[in-house]
Amino acid sequence: MRRLQGLLSQLGITIDPQLFELALTHRSFAYENGAIPHNERLEFLGDSVLGVVVTQHLYLTFPGHTEGRLAKLRAAVVNANSLAHVARSLELGAQIRPGPGEISTDGADKSSILADTFEAVLGALYLSAGRDAADRFVHHIFDPLIGQADELGAGLDWKTSLQELCAALGVGVPGYEISESGPDHLKQFEAVAVVGTLRFSPGSGRSKKQAEQGAAQAAFEELSATAPAEDQPADA
């Protein structure tokens, strides 16, 4: 909490205390306390504000990028995992008000809840201090993340990059074979990318998406090593 308040003070931003409390109120807490208001409406607003500020920044900062590249960059920084990472860096988790059920499963540290809460806080900030303040807040946090993402090349989205490479090589559309292991609370997934008759090294992770990205990376790198330079996608 000190980190968030310190950042707001540094940026000269004040959030209305009641709106801030609402932004931290998860629906599970609201339902357990007489169906009081919760943060989902603020989350809806904050999501839109974040999208506009980031999209405008991308458009103005990278005039040479295609629409597809800009979309990849936006997706790389505006997603649940990225927003949850930002929320953790701002120590939001300790301030979230979840219901007993979420408390029992450590809900305040769930990426989905942290991401939603960050957007709700941004919504509260926007209503309290206006668009200019929201811009300063978003730019301070996300401009460095966007810069880092722009250096990733194909790694922005391995699945899309693999699909583009396969199209350039004319080898067909990639598919994924998924297997899972472990108990429900500790699932581990493994994915293998398959292109025609070709199978590549597996990727693994705590989610299907993470495993597929790892498998796509392995396939992309193995295919790229044998592909002519003229057939490489522009972002590779």
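Any value given below was found using the heavy atoms of this structure, including those in side chains, with hydrogens, waters and symmetry copies removed. Residue numbers run from 1 in the order of the sequence given.
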**Study point:** Leu7 side chain near Leu90 side chain, heavy-atom distance below 4.5 Å
**Key:** yes

Check your understanding: If only atom types and distance count, is the side chain of Ser161 paired as donor or acceptor with the main-chain N or O of Asp157 below 3.5 Å?
Key -> yes

Check your understanding: Can you find a side-chain donor-acceptor pair between Gln213 and Gln217 that sits under 3.5 Å?
Key -> no

**Study point:** Tyr59, OH: over 12 other non-hydrogen atoms inside 6.0 angstrom
**Key:** no

Point to revise | Within-4.5 Å side-chain heavy-atom neighbours: Leu127 and Asp16 | key: no

**Study point:** Short N-O contact, Asp135 and Arg131, less than 4.0 angstrom
**Key:** yes

**Study point:** Flag side-chain contact, heavy atom, 4.5 Å: Phe142 against Val53
**Key:** no

Review point. Counting only heavy atoms not in Gln18, do more than 12 fall under 6.0 Å of its CD?
Key: no

Revision key, fill the gap. When every non-hydrogen atom of Ala80 is compared with those of Ala115, the smallest separation belongs to O-CB, 3.6 Å

Review point. Just wondering, are more than 12 heavy atoms of other shown residues or ligands nearer than 6.0 Å to CZ in Phe137?
Key: yes

Review point. Around atom NZ of Lys187, are there more than 12 heavy atoms of other residues, nucleotides or ligands at under 6.0 Å?
Key: yes

**Study point:** Residue pair Leu125 / Ala133: nearest heavy atoms and the distance that separates them
**Key:** CD2-C, 3.8 Å

Check your understanding: Should the heavy atoms of other residues, nucleotides or ligands under 6.0 Å from CD of Gln163 be counted, would the total exceed 12?
Key -> no

Point to revise | Within one Ile-Leu-Val-Met-Phe-Trp-Tyr cluster: Ile178 and Leu198, side-chain cutoff 4.5 Å | key: yes

Exercise for review: Describe, in one word, how the ring planes of His57 and His139 are oriented to each other, choosing from parallel (under 30°), tilted (30 to 60°) and perpendicular (over 60°).
Suggested key: perpendicular

Check your understanding: Within the distance-only criterion (no hydrogens, no angle test), does the side chain of Thr117 pair as donor or acceptor with the backbone N or O of Ile113 below 3.5 angstrom?
Key -> yes

Check your understanding: Closest heavy-atom contact between Ala134 and Leu122?
Key -> CB-CD1, 4.3 Å

**Study point:** Under 3.5 Å donor-acceptor, Arg3 side chain and Arg88 backbone
**Key:** no

Review point. How many angstroms lie between CG in Leu70 and CG in Asp150, if you round to the nearest 0.5 Å?
Key: 9.5 Å

Exercise for review: Provide the closest heavy-atom pair for Val86 versus Leu145 in the form atom of the first, atom of the second, distance.
Suggested key: CG2-CD1, 4.0 Å

Check your understanding: Can you find a side-chain donor-acceptor pair between Thr55 and Arg74 that sits under 3.5 Å?
Key -> yes

Review point. From Glu43 CD over to His38 NE2, what is the distance, rounded to the nearest 0.5 angstrom?
Key: 10.0 Å

Check your understanding: Near Tyr31 OH, under 6.0 Å, is it more than 12 heavy atoms from other residues, nucleotides or ligands?
Key -> yes

Exercise for review: Could you tell me whether the side chain of Asn79 and the main chain of Ser82 form a donor-acceptor pair under 3.5 Å?
Suggested key: yes

Exercise for review: Answer with yes or no whether the hydrophobic clustering places Leu162 together with Val192; edges join I, L, V, M, F, W, Y residues whose side-chain heavy atoms lie under 4.5 Å apart.
Suggested key: no

Exercise for review: Answer yes or no: is there a side-chain heavy-atom contact under 4.5 Å between Leu114 and Leu83?
Suggested key: no

Point to revise | Same apolar cluster (I L V M F W Y, side chains within < 4.5 Å links), Phe44/Val52 | key: no

Check your understanding: Are Leu73 and Val54 joined in one hydrophobic group, where the rule is that I, L, V, M, F, W and Y side chains link up if heavy atoms are under 4.5 Å apart?
Key -> yes

Exercise for review: Taking all non-hydrogen atoms of both residues into account, name the closest pair between Glu212 and Tyr176 and its distance.
Suggested key: O-CE2, 3.7 Å

**Study point:** Enclosure of Arg27 CZ (heavy-atom neighbours >12, cutoff 6.0 Å)
**Key:** no

Practice item. For His85, look at atom NE2 and say whether over 12 heavy atoms of other residues, nucleotides or ligands are found less than 6.0 Å away. Key: no

Exercise for review: Apply side-chain contact (heavy atoms from CB on, under 4.5 Å) to Phe220 and Glu164, showing your working.
Suggested key: CA-CA 10 Å; Phe220 182 93; Glu164 292 171 348; over 6 Å; no

Practice item. Start with the C-alpha gap between Gln188 and Arg206, add the side-chain angles, then the distance that decides, and say whether side-chain contact (heavy atoms from CB on, under 4.5 Å) holds. Key: CA-CA 5 Å; Gln188 185 73 13; Arg206 292 293 303 278; 3.6 Å; yes

Check your understanding: Within a strict 4.5 Å, meaning less than it, do heavy atoms of the Val121 and Leu92 side chains meet?
Key -> yes

Check your understanding: Between CG of Asp47 and CD of Glu119, what distance do you get to the nearest 0.5 Å?
Key -> 4.5 Å

Review point. Roughly how far, to the nearest 0.5 Å, is CZ of Arg136 from CD1 of Ile141?
Key: 12.5 Å

Practice item. Please tell me if the side chains of Leu169 and Val195 come closer than 4.5 Å, counting only heavy atoms from C-beta onward. Key: no

**Study point:** Inter-residue atom distance Phe29.CZ - Ile96.CD1, 0.5 Å rounding
**Key:** 12.5 Å

Study note, to complete from the structure: Shortest non-hydrogen pair, Val138 vs Leu50, comes out as CG1-CD1, 3.8 Å

**Study point:** Flag side-chain contact, heavy atom, 4.5 Å: Arg97 against His26
**Key:** no

Review point. Does the side chain of Leu165 come within less than 4.5 Å of Ser224's, by heavy atoms?
Key: yes

Practice item. Hey, could you give me the CG/CD1 distance between Leu4 and Ile15, rounded to the nearest 0.5 Å? Key: 6.0 Å

